[in-house]
Structure formats: structure tokens, C-alpha cells
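Take a look at the structure set out below.
All chains are named by letter (A, B, ...) in the order of the sequence lines, taking the proteins before the strands, and each is independently numbered beginning at 1.
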Amino acid sequence: MTAPALPTPRGELSDAVVFALHCGASVPSLAQQTREADPYGDDLQLALYVLYELHYHGFAGVADEREWDTGLLALRRALELRFTEALRTDVPPRRGAEEALEPLLLEPVGHDGSSVSHFLQRDGERWQLEEYAALRSLYHLKEADPHAWVIPRLRGRAKAAMVAIEYDEFGAGRPDEIHARLYADLMRDLGLRTDYGRYLDASPAEALATVNLMSLLGLHRALRGALVGHFAAVEVTSSPGSRRLAAALRRAGAGPAAQRFYDEHVEADAVHEQVVRREVIGGLLADEPDLEPDIAFGVGATVFLEDRLGARLLGAWRRGESALRIPLTVEPGR
Amino acid sequence: MPNAPESPRRVPRVTVDRDGPLLVEGPVEIVREDGTVVTSRRFQVAICTCRRSRIHPWCDTSHRRRVKEETGEEGDTP
């Protein structure tokens, strides 16, 4: 596998990061630019995304050692603090983990006009499904990777259950059933490119933020409770959402691999939801009860950022416009 | 390890929840009423008890409580 190319910068912060990586140079501290940046905006989110990517697969032409470049790490820390402070301000506070998860366990009767999966199931056109698949590939081509970082921070029940779920995500010992691989098959069925990181330039800030949240929570031991809450929110909402997306793909005439990805998630995540709530959250709370507000924060931050992404997608699609920064129709090599 | 005693055969655990699926340690085979056998090889298998699942006998979260949406449709939807 070749690492992806560095993306096109979207402002001063991302320009400085990309330049430093491209030229093998050190990065300036950029304190003022960080203070003034929109914490959810394209520039900060892309800069953060690129810095996090050094911990996954890196970029073509960038030395592996840059992952531990202290200048880049210091900048990453400053950007993370800006992002985290914004989330702490904007995410509605919930004390209890169950209290935070409860609204996600209710299914709306009929059509939910604010839900992307409801929209795609009922009204989604083929090009909208392709756009959705392209921007979700930022996460699904590294599905479950950021969550693996929490494993050494857990103990006992929570650890055993988390590892069991991750084992399932990673194909239960079969490389052709790794969920990231199933997603690449889905993309191929839709006529999309499957190379890792391919749609980074096309993805809006709202999509980058959902992935940056996982990397942030996964990399920080201090945020282990929030990572578990985030993971629970994903697993709890995945099964019914996947059912709607599988139906949308069937209706749009996508191939069997495209449907299989979501069919698998309907069944798998109905199980994962039970295990993450009972054993991972239950086990972590038994071990470290003080983490309960953090677990709730992880749930809330996930819902908050997913809602922002949903609003961006539905806003564009209802106007008949592309939700991507670079529409797929002008992508070369399609 | 030499002379280790053979571990006793592990007893599969089933977890019961009145409001959710039956959780069974996998792998599991289920013989349906018509005699057909379905298999799940997951580490845990969630078996539908509400009978609303569209992928019966497996759970698809159809047991969840359903609520009327307060917001309903967006105003700009035709």
C-alpha cells in the first residue's frame, strides 16, 4: 500500500503543517493563528487531520519519524485544546452515561427530516449515496483503528469486551472480512476510488471533525472515558442507520458488496451495542466511577459533530448541490 | 506448560434482558421451525425475542421504543 499524498491546504494553519511535512522543515508555533481560528473550520480541522494521520499511515514522501516531531506535537496540542474547549462549551452537559445514550435508543416513528440515513433511504439519489460513501471513507477505511488505542487504558471486564468487539471489527481473524475491507468493496461497487485518503481534499470540515474527534479521544489516555462514550454512541446508532443505508443502496441499484457492508453492520452492531453498554461502559464505571461525566461527554460530542455534518449534507443536497468540496463529477480517474 | 490440567469445557453463557435480545455466547446454530439451520459465528449473538426483527432470528434493534418526532419534517422539504 502506498501512503496518500499530502492534501491541499485550506488556510494558514494547514498550509504551515503541509509545508513542514512536504519540505522536511520544522513548523512555527502559530499561537495567534490557532487562537483566532474557527475551531470547527476547514483550516484547523485539516491541520489537525494531517497531524493525526501521522499516527495512522502517514503521507507519501513524509518520513515516519515525523510522528514524534516535538514541534508538530506541540502544534497538535494547541489545536486540540482549541477544538476541545469549543466542544466543552457547545456540547450539552449530561451527568450520566445512560442519560446521554437514552435519546439514541429511541427510534422515530416515520420519517425523520433531520436524519441523513432517513433522507437517503426515502429520497437519496445515486450521486448523493456516492458522495456520502466518499466522505465516510475517511473513517470507514480505518474503521475501529482509533478505538484500538483505548485498549491498554482499560482493565478487566471493559478491556475484554472492548477487545472482543474490535476483533469483530477487524474481521475475526479473516482479512477479507475486516470492516475497512468490506467498505472498500462497497466503494468499488459504487464506482469510487478505494485508495486510502483519496477523498480527503473533497471532504468538508464537518466530516473531518467527526474523524478528528475519534483520533483525539483515542490518543489521549485522559480522554479514555470519552472514547468509550463516543464508541457507544457510534454502536448504538449504527444498526438502524445501517438498515436504512442498505435499503437506500438497494433502491439506487448498487451492487451486492455495497449492500453487504451495511447488512453486516445491522447484525454486528445490534450485538456490539449490547456489549458496549453492558460490559465496556459497565466495566469502566465499576472500575473508574469518576469517569461517568467523560463518558457522557464522549456521547454528546459525537452527536453534536454528527448533527453538524448531517445539517451540512442535507442543506446542500436539498438545494441540489454537491456536499463535497470537490464534486465527484470533476474527480479525475473516474 | 507441561502437565497443565485440561481446562474444563467452557459453559456458554446466555444473558436475558426483558427489553432486549437474548445474548448468547457464539458460535451458535439455530434450528428454525421449518427445520432450516442458521449459523452465527460471532463472539456474542443477539437473538431476537420481540419478533419484530427483519433479520430474524438475529436482533436488528427493532425492539427499540418508538417515539413521535417533535421536529418532524424540515420546512424546506416539498
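Highest contact tally toward chain B, considering only A/V275, A/D269, A/D263, A/V236, is held by A/V236 [criterion: heavy-atom pairs under 4.5 Å]. Top candidate by heavy-atom pairs under 4.5 Å with chain B, chosen from A/A268, A/A172, A/S242, is A/A268. The choice from B/R42, B/R65, B/Q44 that makes the most heavy-atom pairs within less than 4.5 Å of chain A is B/R42. Interface check for chain A: of the options B/S62, B/P21, B/G20, the most heavy-atom pairs under 4.5 Å are formed by B/P21.
A salt bridge is defined here as a Lys NZ or Arg NE, NH1 or NH2 lying under 4.0 Å from an Asp or Glu carboxylate O, and B/R52 with A/E107 fails to meet this definition. Salt-bridge annotation for A/E273 and B/R64: present, with a side-chain N of the basic residue lying under 4.0 Å from a carboxylate O of the acidic one.
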Where do A/V266 and B/W58 land on the side-chain contact (heavy atoms from CB on, under 4.5 Å) test, with the steps shown first?
CA-CA 10 Å; A/V266 172; B/W58 320 124; over 6 Å; no

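Here CZ of A/R243 is found 10.0 Å from CD1 of B/I55. Values are rounded to the nearest 0.5 Å. Summarising the geometry, atom OG1 belonging to B/T15 is positioned 9.5 Å from atom CD belonging to A/Q274; distances are rounded to the nearest 0.5 Å. From B/C59, atom SG reaches atom CD of A/E267 across 10.0 Å, with rounding to the nearest 0.5 Å. The distance from atom CD of A/E235 to atom OG1 of B/T61, rounded to the nearest 0.5 Å, is 12.0 Å. The line from CZ of A/R174 to CZ of B/R41 is 7.5 Å long, rounded to the nearest 0.5 Å.
The heavy-atom pair separating A/A270 from B/D60 by the smallest distance is CB-CA, 4.3 Å. Residue B/R66 comes nearest to A/P108 through the heavy atom pair NH2-O, 3.8 Å, listed as atom of the first residue, atom of the second, then distance.
Summarising the local packing, CD of A/E99 is surrounded by more than 12 heavy atoms from other residues, nucleotides or ligands at distances under 6.0 Å. Counting heavy-atom neighbours within 6.0 Å of B/R32 CZ, excluding the residue itself, gives a total above 12.
Of the two parts of B/S53, neither the backbone nor the side chain holds a non-hydrogen atom closer than 4.5 Å to a non-hydrogen atom of chain A.
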